[in-house]
Amino acid sequence: MPTIGTLLSGFGAGELFQILRDGVPRTRSELSALTGISRATIATRLDELLKAGLITPVSGAVSTGGRPPARVAFNPGARIVAAADFGATHITAAVINLNGDLLVERRLEWDIAVGPVSSLDRLADIFRELMQEAGRSAAELVAIGIGLPGPVEHATGRPTSPPIMPGWDGYDVPAHMRATFDVPVLVDNDVNVMALGEQSKGWPDSRDLIFVKVSTGIGAGIISGGTLQRGADGSAGDIGHIAISQDERIVCRCGNIGCLEAVAGAPAIAAALMAEGLELAGTPELLAAVRSADLRAMRAIRDAGRNIGQVLNMCVSIINPSLIVIGGSLAESAELLIAGMREVVYSRSMPLATQHLTIAPAKVGPEAGVIGAGMLAIEHVLSPAALDSQAGAPENSLPSPTAAVPN
């Protein structure tokens, strides 16, 4: 099979491919009408995409006389990406097709504090095992996406002073993975990849949304105009460290006073309830107390929602999303949490900003992170710029599809 890079020669193949990514079969005439490009040019570009395997012929077009027109559609099985979502105590890894669908997935307990070398070596082993399980070869792998539970400088893929990841600060994650798999490696923080996963599979029609993860920490992934917003240095959405209290007794793990996370994060809620005499060992017991209708726990969760709502009220005024999605370990109590958020956001925000605003629990759930990490990789390799920039690349710019999975 020819490589993608050597076949997408000339301007326009990458742009044309974006139209076909929706999976709808189209004829050359339909594509010409949509783009305003001549049928001859369309035919040339489609031939390049067909040879690359990114699209495939499909049958079923209605003939108006003579030979039925040929239709083509996106071929999501042409290549694969590998994706991983790291948590403080787990790794979720998967092999995913170019449509973002999980082919195989594995979750295992893992302490990220063991450091980057052991963690990434283990991840490489898992990727090899998953590709074999899926019946795919490493030569079909075009990119890797990784989500990490801490700040990441997206341009380099290096974690930046991550509070729960000792030994990871400044570590070159992409270079480590490329030593085994010679493909692009995209790295982002866990909340951003969860936002991508929720948007792509749970809310595909939403182009302006905020995904809020409420767990040990609190963070947000912001998608505006269909594009993930990282800010100048990758810290956009770090709402957990916005101060909502001046109480000097409320000390955040970041060292500041009165941060949202230190007031409304799961450990903070549990600590407050324990001070009231409720015995809790952690988040699971907190959620169990809510399920058992303990009034103290229920009130605490709703109060946390109100506190988070204070910050989201500012976000609504600045960003004007149409959707706020709530996920994370406290999402099991989302009804109470969201009730508190709605109470503040709808009462404090201007009517114009909230007239079409929905605040809802996550749809995709625990798989959002690994799916989003896959989408991070997919959007990179299938972007018009990436596809067109590979024109004229040497024949071995991507491995041969017959290459074996590396040992």
Please examine the side chains of Leu34 and Arg26, heavy atoms only from C-beta on, and report whether any two atoms are closer than 4.5 Å. yes

List the residues meeting salt bridge (Lys or Arg N to Asp or Glu O under 4.0 Å) with Arg28, not counting sequence neighbours, and say none if there are none. Asp47

Just so I know, are the side chains of Phe127 and Leu141 near enough to count as touching, which here means a heavy-atom distance under 4.5 Å? no

Would you tabulate the side-chain donor-acceptor contacts of residues 306-328 under 3.5 Å, counting partners in other chains and residues two or more places apart, or write 'none'?
unit_1	atom_1	unit_2	atom_2	d
Arg306	NE	Glu343	OE1	3.1
Arg306	NE	Glu343	OE2	3.1
Arg306	NH1	Asp303	OD1	2.5
Arg306	NH2	Glu343	OE1	3.3
Asn307	OD1	Gln310	NE2	3.4
Asn307	ND2	Asp303	O	3.2
Asn313	OD1	Ser349	N	3.3
Asn313	OD1	Ser349	OG	2.7
Ser317	OG	Asn313	O	3.2
Asn320	ND2	Ala353	O	3.4
Ser322	OG	Asp208	O	3.2

By ring-ring contact (aromatic ring centres under 6.0 Å, His included) - contacts of His176 (at least two apart): Tyr171

Close side-chain approach of Leu54 to Leu20, heavy-atom, < 4.5 Å: no

Could you pull out all residues at least two apart from Asp247 that satisfy side chain to side chain donor-acceptor pair (under 3.5 Å)? Arg249

Does anything in residues 350-365 form a side-chain hydrogen bond (donor to acceptor under 3.5 Å, both in side chains)? List the pairs, not counting sequence neighbours. none

Sort and list the pairs that fulfil salt bridge (Lys or Arg N to Asp or Glu O under 4.0 Å) and have at least one residue in residues 218-238, not counting sequence neighbours. Asp188-Arg230

List the atom pairs, donor and acceptor, that lie under 3.5 Å between side-chain atoms in residues 267-277 and the rest of the protein, sequence neighbours left out.
unit_1	atom_1	unit_2	atom_2	d
Glu276	OE1	Arg299	NH2	3.1
Glu276	OE2	Arg299	NH2	2.9

Any non-hydrogen side-chain atom of Leu287 less than 4.5 Å from a side-chain atom of Ser333? yes

Partners meeting side chain to side chain donor-acceptor pair (under 3.5 Å) with Glu367 (sequence neighbours left out): none

Can you give the donor-acceptor pairs under 3.5 Å from side chains of residues 94-103 to other protein atoms, not counting sequence neighbours?
unit_1	atom_1	unit_2	atom_2	d
Asn97	OD1	Asn99	N	2.9
Asn97	OD1	Gly100	N	3.2
Asn97	OD1	Asp101	N	3.0
Asn97	ND2	Asp101	OD2	3.4
Asn99	ND2	Asp101	OD2	3.3
Asp101	OD1	Lys201	NZ	2.9

Can you find a pair of side-chain heavy atoms, one from Leu148 and one from Val173, that are under 4.5 Å apart? yes

Min side-chain heavy-atom separation Ile210-Ile239 under 4.5 Å: no

What residues, two or more places apart in sequence or in another chain, satisfy salt bridge (Lys or Arg N to Asp or Glu O under 4.0 Å) together with Arg253? Glu261

Any salt bridge (Lys or Arg N to Asp or Glu O under 4.0 Å) pairs touching residues 352-361, not counting sequence neighbours? none

If a pair satisfies salt bridge (Lys or Arg N to Asp or Glu O under 4.0 Å) and one of its residues is in residues 153-179, list it, with sequence neighbours excluded. Arg158-Asp172

Close side-chain approach of Pro159 to Pro151, heavy-atom, < 4.5 Å: no

